[in-house]
Chemist: 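Dumping the structure here so I can ask a few things about it.
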Amino acid sequence: MCKVDLNSDLGESFGAYTIGLDSEVIQYVSSANVACGYHAGDPLVMDKTVAAAKSAGVAVGAHPGYPDLMGFGRRNMVCSPKEVKAYIQYQLGALMAFTAARGVKLQHCKPHGSLYNMAAKDMDLSLAIAEAIVEVDKNIILMGLAGSKMLEAGRQMGLRVASEVFADRAYQADGSLVPRKQPGAVIHDKDEAIARTIRMVTEGKVTAITGEEVSIDAHSICVHGDNPSAVEFVKNIRASLSAQGVEIAPIAEIV
């Protein structure tokens, strides 16, 4: 039986601000990417999210980003590889304190937002991320965009890597994501998202926004927890994959 991971970016609330539908989404995913305080999240939210994941039987991963609360980590920043390495290690350390306190093993690391997208095309940034993880815990899986430099860097550094696809994001012909500022970047129609996801998992193909067919590996599927349709997306995607004979499992069981 084919296996695939379902993940969502969770724990992105901060102080008095609630972002996302965490308590609903966590019921349907197999892995949670927990914000580590730089782009979103705070200590109380991090602890609450780790505890919720443990209770739901969901694997926990770190979701480190640029130090950019104002821009939610979605603005490009000019940072040296040395800085990026330190940012990753700082955020891994913060989350690992909470996973240790809760008796949970940190499964993976998935960079967030602009850091994720920039590293996908920048080998120096990708190597800095991979090196940061190796030095903290070489057993942490590096999750990155399918076909990206980040996965290549992870393999070079001896890490297990997970190829991620997006249920609710449009793709460009080179396999990168359509920037959020462009029309059609986020898919809101659940039927379209489900059909695209099933095809990525079972056929290894996705249609780019410009019409080209793109080959893609799908170890893990991301459904964004801050999308208003997130609960319906992930609930229906999970049911549809199961109907196709696809087992939903944490990424550690797949790579």
Side-chain angles (χ1 to χ4, degrees), residues 4-13 18-35 39-40 58 61 63 65 72-74 108 110-117 120 143-148 150 162-244 246 248 251:
V4 72
D5 177 54
L6 271 182
N7 81 75
S8 189
D9 304 339
L10 304 177
E12 292 183 321
S13 298
T18 299
I19 298 173
L21 303 166
D22 291 13
S23 60
E24 292 93 339
V25 170
I26 207 166
Q27 300 174 50
Y28 301 104
V29 298
S30 44
S31 296
N33 317 308
V34 182
H39 78 278
V58 171
H63 197 38
F72 199 66
R74 288 179 176 162
H108 68 278
K110 171 192 165 180
H112 165 83
S114 288
L115 178 56
Y116 180 100
N117 291 324
M143 186 184 293
L145 184 68
S148 67
M150 207 184 320
S163 178
E164 182 181 38
V165 300
F166 289 79
D168 54 2
R169 292 293 304 276
Y171 281 83
Q172 302 192 98
D174 64 357
S176 62
L177 300 177
V178 174
R180 283 179 175 269
K181 292 181 180 179
Q182 291 187 22
V186 179
I187 296 165
H188 297 286
D189 184 288
K190 68 177 177 63
D191 294 328
E192 181 183 357
I194 290 168
R196 286 166 63 88
T197 301
I198 290 173
R199 187 161 181 251
M200 285 190 282
V201 173
T202 61
E203 298 179 28
K205 297 284 185 181
V206 67
T207 303
I209 198 167
T210 44
E212 295 91 345
E213 289 296 295
V214 180
S215 295
I216 201 162
D217 289 325
H219 295 141
S220 186
I221 303 160
C222 178
V223 179
H224 286 103
D226 60 343
N227 184 325
S229 305
V231 179
E232 280 301 304
F233 271 14
V234 71
K235 181 179 179 180
N236 286 282
I237 286 169
R238 183 170 186 133
S240 299
L241 287 168
S242 296
Q244 294 285 325
V246 178
I248 307 302
I251 199 65

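Heavy atoms only: backbone and side chains are in, while hydrogens, waters and symmetry mates are out. Position 1 is the first residue of the sequence, and the numbers go up from there.
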Chemist: Give the ring-plane orientation class for His112 versus His39, where under 30° counts as parallel, over 60° as perpendicular and anything between as tilted.
Modeler: parallel
Chemist: Please answer whether the main-chain N or O of Ser240 pairs with a side-chain N or O of Gln244 as donor and acceptor at a distance below 3.5 Å.
Modeler: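 Here the side-chain-to-backbone pair does not exist.
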Chemist: Would you confirm whether Thr18, through its side chain, and Ser13, through its main-chain N or O, come within 3.5 Å as a donor-acceptor pair?
Modeler: no
Chemist: Tell me, with the steps shown, if Thr197 and Val4 meet side chain to side chain contact (heavy atoms under 4.5 Å, CB included).
Modeler: CA-CA 11 Å; Thr197 301; Val4 72; over 6 Å; no
Chemist: Does Ala146 offer a backbone N or O that forms a donor-acceptor pair with the side chain of Asp217 under 3.5 Å?
Modeler: no
Chemist: If we only count heavy atoms from C-beta on, is the Val234 to Leu6 side-chain gap below 4.5 Å?
Modeler: yes
Chemist: Are side-chain heavy atoms of Asn33 and His108 found at a separation under 4.5 Å?
Modeler: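 Touching, per the 4.5 Å side-chain cut-off.
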Chemist: Considering non-hydrogen atoms only, spot the tightest contact between Ile209 and Gly184 and give its length.
Modeler: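 Heavy atoms only, the tightest pair is CD1-O, 4.1 Å.
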Chemist: Identify the two heavy atoms, one from Ile251 and one from Ala162, that lie closest to each other, and give their separation to 0.1 Å.
Modeler: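 Taking every non-hydrogen atom into account, CG1-CB, 3.4 Å.
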Chemist: Working to the nearest 0.5 Å, report the span between CD of Glu232 and NE2 of His188.
Modeler: 15.0 Å
Chemist: Output all residues satisfying side chain to side chain contact (heavy atoms under 4.5 Å, CB included) with Gln172, sequence neighbours left out; order by chain, then residue number.
Modeler: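 Per chain and number, Gln172 pairs via side chain to side chain contact (heavy atoms under 4.5 Å, CB included) with Asp174, Ser176, Val178, Pro179.
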Chemist: Under 4.5 Å between any side-chain heavy atoms of Tyr28 and Val223, yes or no?
Modeler: no
Chemist: Closest heavy-atom contact between Val214 and Ala173?
Modeler: CG2-O, 3.7 Å
Chemist: Output the distance between atom CG (Asp168) and atom CZ (Arg196), rounded to the nearest 0.5 Å.
Modeler: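 The CZ atom of Arg196 is 10.0 Å from CG of Asp168, to the nearest 0.5 Å.
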Chemist: Using only heavy-atom distances, determine whether the side chains of Ser31 and Asn7 contain a donor-acceptor pair under 3.5 Å.
Modeler: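 Side chains of Ser31 and Asn7: no pair found under 3.5 Å.
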Chemist: Please name the residue in the list His63, Glu164, Arg74 that meets the side-chain hydrogen bond (donor to acceptor under 3.5 Å, both in side chains) test with Tyr116.
Modeler: Glu164
Chemist: Taking it one step at a time, do Val186 and Arg180 satisfy side chain to side chain contact (heavy atoms under 4.5 Å, CB included)?
Modeler: CA-CA 7 Å; Val186 179; Arg180 283 179 175 269; 3.9 Å; yes
Chemist: Can Glu212 and Thr207 be counted as having a side-chain donor-acceptor contact under 3.5 angstrom?
Modeler: no
Chemist: How long is the straight-line distance from CD1 of Ile248 back to OG of Ser242, given to the nearest 0.5 Å?
Modeler: 5.0 Å
Chemist: Using the side chain to side chain contact (heavy atoms under 4.5 Å, CB included) definition, which of the options Asn236, Ile221, Thr202 pairs with Leu241?
Modeler: Ile221
Chemist: Taking C-beta and beyond as the side chain, do His219 and Asp5 meet within less than 4.5 Å on heavy atoms?
Modeler: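 Not in contact.
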Chemist: Could you check if a side-chain atom of Ser8 sits within less than 4.5 angstrom of a side-chain atom of Ile26, using non-hydrogen atoms only?
Modeler: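 Not in contact.
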Chemist: As an exercise, state the distance from CG of Leu10 to CD of Glu12, rounded to the nearest 0.5 Å.
Modeler: 7.5 Å
Chemist: How far does CG of Leu145 sit from NZ of Lys110, to the nearest 0.5 angstrom?
Modeler: 9.5 Å
Chemist: Listed by chain and number, what are the side chain to side chain contact (heavy atoms under 4.5 Å, CB included) partners of Asn117, not counting sequence neighbours?
Modeler: Leu177
Chemist: Any donor-acceptor pair under 3.5 Å linking the side chain of Arg169 with the backbone of Ile187?
Modeler: no
Chemist: Checking Glu213 against Arg199 for the salt bridge (Lys or Arg N to Asp or Glu O under 4.0 Å) test, could you report, in this order, the C-alpha distance in whole Å, the side-chain angles of both residues, the deciding distance, and whether it holds?
Modeler: CA-CA 11 Å; Glu213 289 296 295; Arg199 187 161 181 251; 2.4 Å; yes
Chemist: Ignoring hydrogens, what is the shortest heavy-atom contact between Gly11 and Ala35? Give both atom names and the distance.
Modeler: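 Where Gly11 meets Ala35 most closely, the heavy atoms are O-CB, 3.4 Å.
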